[in-house]
Amino acid sequence: MPITNLTFAGIGGQGSILAGTILGNAAVTFGGKYATQTQAYSSELRGGYAATWIIFSDAPIVYPRVIAPDILVAQAQDSIQRFARTLRKKGTLFMDSDIVTELPDMDAAKYGVPATSIARNRFSAPVVANIIMLGALTKIAPVAERNCVEQAIAAAVPKGKTALNMEAFAAGFEEVRAL
Amino acid sequence: MPKPRVLTGNHFQIGNWACTEGALAAGCDFAAGYPITPASEVANFLAARLPEVGGVFIQSEDEISACCSAIGASWAGRRAMTVTSGPGISLMQESIGFAAATETPLVIVDVQRFGPSTGVPSVGLTADMVQVARGSHGDYQIIALAPNTPQAMFDIMIRAFDLAETYRTPVFVMADGFAGHMRERVSIPEAAALKVRGRKIAAPAATVLERTDFLDENVAPMPVFGLGLRAHVTSSCHDAHGMRNLSDPEVMHSYVTVPIKKILSHRDDIVRVEETRTDDAELIIISYGTVARCGIAALELARAENLPVGQLRLETCWPLPDREIEAAARKAAHLLVLENNMGQMLPYIRACVNGAAVVHFMGPEHLGQIQEPDAIVRVIREILS
Amino acid sequence: MTAAEHPLRKHMRPHVTRTTTCPGCGIGTVSQAILRAVDSLGLSMDDFVFVAGIGCSAWIPTPLYNADTLHTTHGRPIAFATGVKASLPDKRVMVLSGDGDLSAIGGNHLIHAARRNIDLTVVLVNNSIYGMTGGQAAPTTPMNTRTVTSPYGFTEHAFDLSELVKAAGASYVARWTTAHPVQLSRAVKTGLEKKGFSFIEAVSQCPVQYGRASKLGSARAMIKRYKEISVPVKKASAMSPEELAGKLVVGEFQNVDKKEFTAALAEARAIAGGKN
């Protein structure tokens with residue numbers, strides 16, 4: 001597997017950084033691969049921007065920063081404003097199609113999933129939108145195998161919420177659409 | 001069920017977690033600390049983990065107290081550490097000199113941050129490289145090690161305790177906000193595969209005058225408290241028995257020189273560097289810490305262009321790997337020093353080179369951000385053209 | 001024929017034959033009160049770790065006492081002792097230092113150790129001045145006293161250290177003077193037996209520095225004055241501030257039982273499932 005660079009972005013409280021950590025853990029702990037994760041967030045815990053950058057590789061990773069990601073996951077319009085121009089040409093964009101409404105001109109494969117409305121309407125749990133995004137990503141451009149991501153989700157969420165999160169993950173997997 | 005002392009296996013974790021688990025795996029059973037970004041997680045993790053393995057964690061009233069308590073614990077027989085960032089090191093400086101003067105085994109983790117002063121707490125800047133070596137008053141020698149990955153933060157804690165206990169000296173782990181907060185694979189080996197040399201303990205004697213407790217270039221056995229050894233420990237000028245002596249020029253001379261020689265005469269056991277493709281290199285990058293990863297990334301790009309580039313990574317920063325730097329200067333016409341600061345180690349490196357090669361320096365485009373490999377390669381091309 | 005040996009000499013390092021104190025200094029009285037307390041409890045020097053700071057009184061245990069002794073930096077002995085005690089909870093850890101060391105530069109450690117109620121016995125020798133550095137004003141120097149750093153009279157109010165440490169949460173607090181050696185020794189003994197932070201303030205004469213600054217004169221005159229101005233705690237409680245002006249309240253300020261820090265650490269270890 002070549003090196004894959006990924007940016008997972010949203011606003012504070014959406015769980016973007018946690019989703020990134022789950023992916024990294026899926027690759028490393030359950031997949032036996034390597035991953036490097038860095039992150040940034042504005043000082044307010046809710047409502048400010050949040051982003052995490054992850055590198056996936058079969059071999060130890062040398063340079064720890066993501067400069068031009070292959071994949072951008074955008075959970076907010078703000079994520080597009082901040083990070084869309086960093087996505088490499090012919091890269092892959094995933095977005096929460098409920099929230100991201102405006103896209104600049106970009107030479108990328110684009111996928112959407114209405115994560116917020118599915119989380120709210122189907123699961124009555126807005127917090128699982130990030131897990132739905134993980135499902136969408138894992139269907140189209142897996143950075144870790146599906147069963148590894150599922151194990152990492154189970155390891156990250158509170159006991160008793162495992163089934164809910166597995167269903168949310170499956171919903172993202174099913175509902176993702178090319179735009 | 002409490003977790004065991006050594007968490008054998010693969011983990012996807014931040015460097016500050018790896019640092020904590022490295023300390024535990026090295027047998028650490030005492031830590032004191034005070035909250036400070038970006039080092040707080042280490043203290044938080046230690047607070048949770050040390051009691052599980054029968055150890056002690058104390059949240060001190062300030063960093064001065066944290067360092068003093070750790071020194072007291074070390075004399076009471078514990079494998080002791082403290083953890084902080086630059087502002088905390090500034091406060092600990094007096095006690096660091098105490099630990100050096102009393103030949104106290106102590107590990108001090110410095111998760112360095114952007115400064116001077118309050119600066120930017122969450123941004124890494126390797127800006128304490130000189131203050132840990134020269135920040136306390138008086139003349140003394142410490143050991144400082146610089147990790148470049150979360151895995152190295154685990155591994156280096158094992159080595160830090162090994163060196164601290166073996167040489168009865170403070171040992172610094174010079175992490176930074178990058179390595180501390182970066183999340184990567186951390187592989188923890190089986191407990192049996194981890195080796196930390198313990199300190200030698202002094203034997204009972206009728207009085208301390210019949211024993212050498214201090215000032216031995218080959219490390220005096222330590223008269224640890226609580227064993228009936230009746231040690232006399234003072235950071236005031238003292239003789240080999242630990243007795244205060246403020247008038248004898250011979251004693252004064254030994255009090256300063258012997259603890260320094262104790263480290264320097266064992267430099268071959270202490271100094272560790274990592275050389276990458278230096279043999280045919282015309283330019284050798286010299287770096288340490290997270291920035292050394294930028295150096296390797298640039299080296300790979302440069303080699304793809306047939307540019308003869310190597311790297312010397314200083315895992316041990318103090319004592320300075322003088323011979324290794326000098327050898328690099330003999331091999332290559334150019335040395336490129338990469339640091340995430342304005343060049344703190346640069347004058348020391350330049351002194352080792354002593355004109356044997358041309359020394360160049362490159363900091364990040366923006367301090368606090370590490371160098372981009374492409375930018376390093378541009379500089380290399382320019383130097384070698 | 002051998003010379004008769006003082007019964008407390010056995011607690012001192014055999015090769016140390018001299019002290020560094022000036023003639024008339026109260027430190028000898030304090031030291032004797034401490035060693036009598038040790039003796040009366042049937043304790044050995046191997047039961048102790050002594051931790052001292054910087055200043056004249058810090059030089060009581062180092063080099064005199066034949067025990068594990070840690071002579072530390074200025075103001076920090078309580079911080080060092082905290083690490084020692086947390087590591088060796090079965091040993092008795094005594095801190096010996098002066099008012100400048102423990103209440104000025106080290107004041108923060110003093111109040112926080114009292115707040116934690118860590119099982120240390122702190123004997124603070126209060127001579128109301130910086131002796132070793134040449135007679136500078138201390139947090140304990142009475143207002144208007146002329147010292148080398150207050151040549152027009154000291155412009156600050158003095159700390160009442162026993163009240164301070166009591167308020168900070170210590171289990172045991174007592175104040176006596178070198179004019180009360182028996183009571184002082186008894187207080188040290190009670191402090192050693194108390195599981196918790198014990199603070200014994202020993203008001204002690206420094207005829208060379210404070211005697212001169214205060215114009216109280218010789219050691220003898222100073223001890224005589226301690227006797228005259230001392231008022232027992234109980235009696236003082238019934239006196240007005242005007243009546244107490246210029247007096248020195250002595251006796252037990254605090255003697256309570258409350259959870260001790262190393263015991264609390266052990267409880268935390270038990271909750272975590274770690275060995276004790």
Side-chain angles (χ1 to χ4, degrees), chain B residues 1-3 5 29-30 32 47-62 64-78 80 82 94-95 97-98 101-102 206-210 223-236 238 241-244, chain C residues 13-16 20 44-49 51-52 54 58-59 61-63 65-91 93 106 108-109 111-113 115-116 118 261-262 265-276:
Chain B
M1 266 293 284
K3 288 200 220 86
R5 185 176 265 281
D29 54 5
F30 184 97
R49 287 284 280 137
L50 277 170
E52 288 186 326
V53 298
V56 173
F57 173 82
I58 296 177
Q59 181 175 329
S60 303
E61 58 273 20
D62 56 32
I64 298 172
S65 182
C67 192
C68 294
S69 292
I71 294 168
S74 184
W75 275 99
R78 301 266 181 165
T82 181
E94 186 189 34
S95 331
F98 180 96
T102 54
T207 82
V208 291
L209 296 188
E210 292 168 26
V224 168
F225 293 166
L227 305 174
L229 297 173
R230 302 182 170 187
H232 191 277
V233 185
T234 176
S235 66
S236 296
H238 52 262
H241 316 297
M243 299 309 296
R244 193 163 38 233
Chain C
R13 290 192 189 270
H15 72 275
V16 176
T20 47
S44 143
M45 277 305 190
D46 287 340
D47 298 322
F48 282 87
V49 177
V51 185
I54 296 292
W59 286 23
T62 75
Y65 292 178
N66 196 15
D68 289 326
T69 51
L70 184 62
H71 177 227
T72 71
T73 46
H74 195 22
R76 317 298 167 203
I78 288 175
F80 282 90
T82 297
V84 172
K85 180 68 189 182
S87 302
L88 293 170
D90 296 335
K91 292 287 170 188
V93 180
N108 201 33
H109 309 307
I111 56 172
H112 284 281
R115 176 181 61 81
R116 287 185 189 107
I118 183 169
F261 180 60
T262 60
L265 285 177
E267 283 178 23
R269 266 194 300 277
I271 293 167
K275 271 195 219 109
N276 263 312

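Letters go in sequence order (proteins before strands), and every chain restarts at 1.
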Counting only heavy atoms closer than 4.5 Å, note whether [X] contacts chain B via side chain, backbone, both or neither.
X	value
C/Ala67	backbone
C/His109	both
C/Asn276	neither
C/Phe261	side chain
C/Pro14	side chain
C/Arg115	neither
C/Leu70	both

Looking at chain C, which one of [options] has the largest number of heavy-atom pairs inside 4.5 Å, strictly under?
options	value
B/Val208, B/Ile64, B/Ile71	B/Ile64
B/Cys67, B/Ala32, B/Pro223, B/Ala76	B/Ala76
B/Met243, B/Arg49, B/Glu61, B/Glu52	B/Glu61
B/Ala206, B/Gly55, B/Ser235	B/Gly55

For [X], is it the side chain, the backbone, both, or neither that has a heavy atom closer than 4.5 Å to a heavy atom of chain C?
X	result
B/Leu227	backbone
B/Ala231	both
B/Asp62	side chain
B/Phe225	both

**Study point:** Centroid separation C/Phe48 to C/Tyr65 less than 6.0 Å
**Key:**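 That pair fails the under 6.0 Å test.
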Review point. If you take all heavy atoms of C/Val51 and C/Thr72, which pair is closest and at what distance?
Key: CG1-CG2, 3.7 Å
Check your understanding: When you look at B/Arg230 and C/Asp46, which way does the salt bridge (Lys or Arg N to Asp or Glu O under 4.0 Å) test go after all the steps?
Key -> CA-CA 7 Å; B/Arg230 302 182 170 187; C/Asp46 287 340; 2.8 Å; yes
Check your understanding: With distance as the sole test, does C/Asp68 use its side chain to make a donor-acceptor pair with the main-chain N or O of B/Gly226 at under 3.5 Å?
Key -> yes
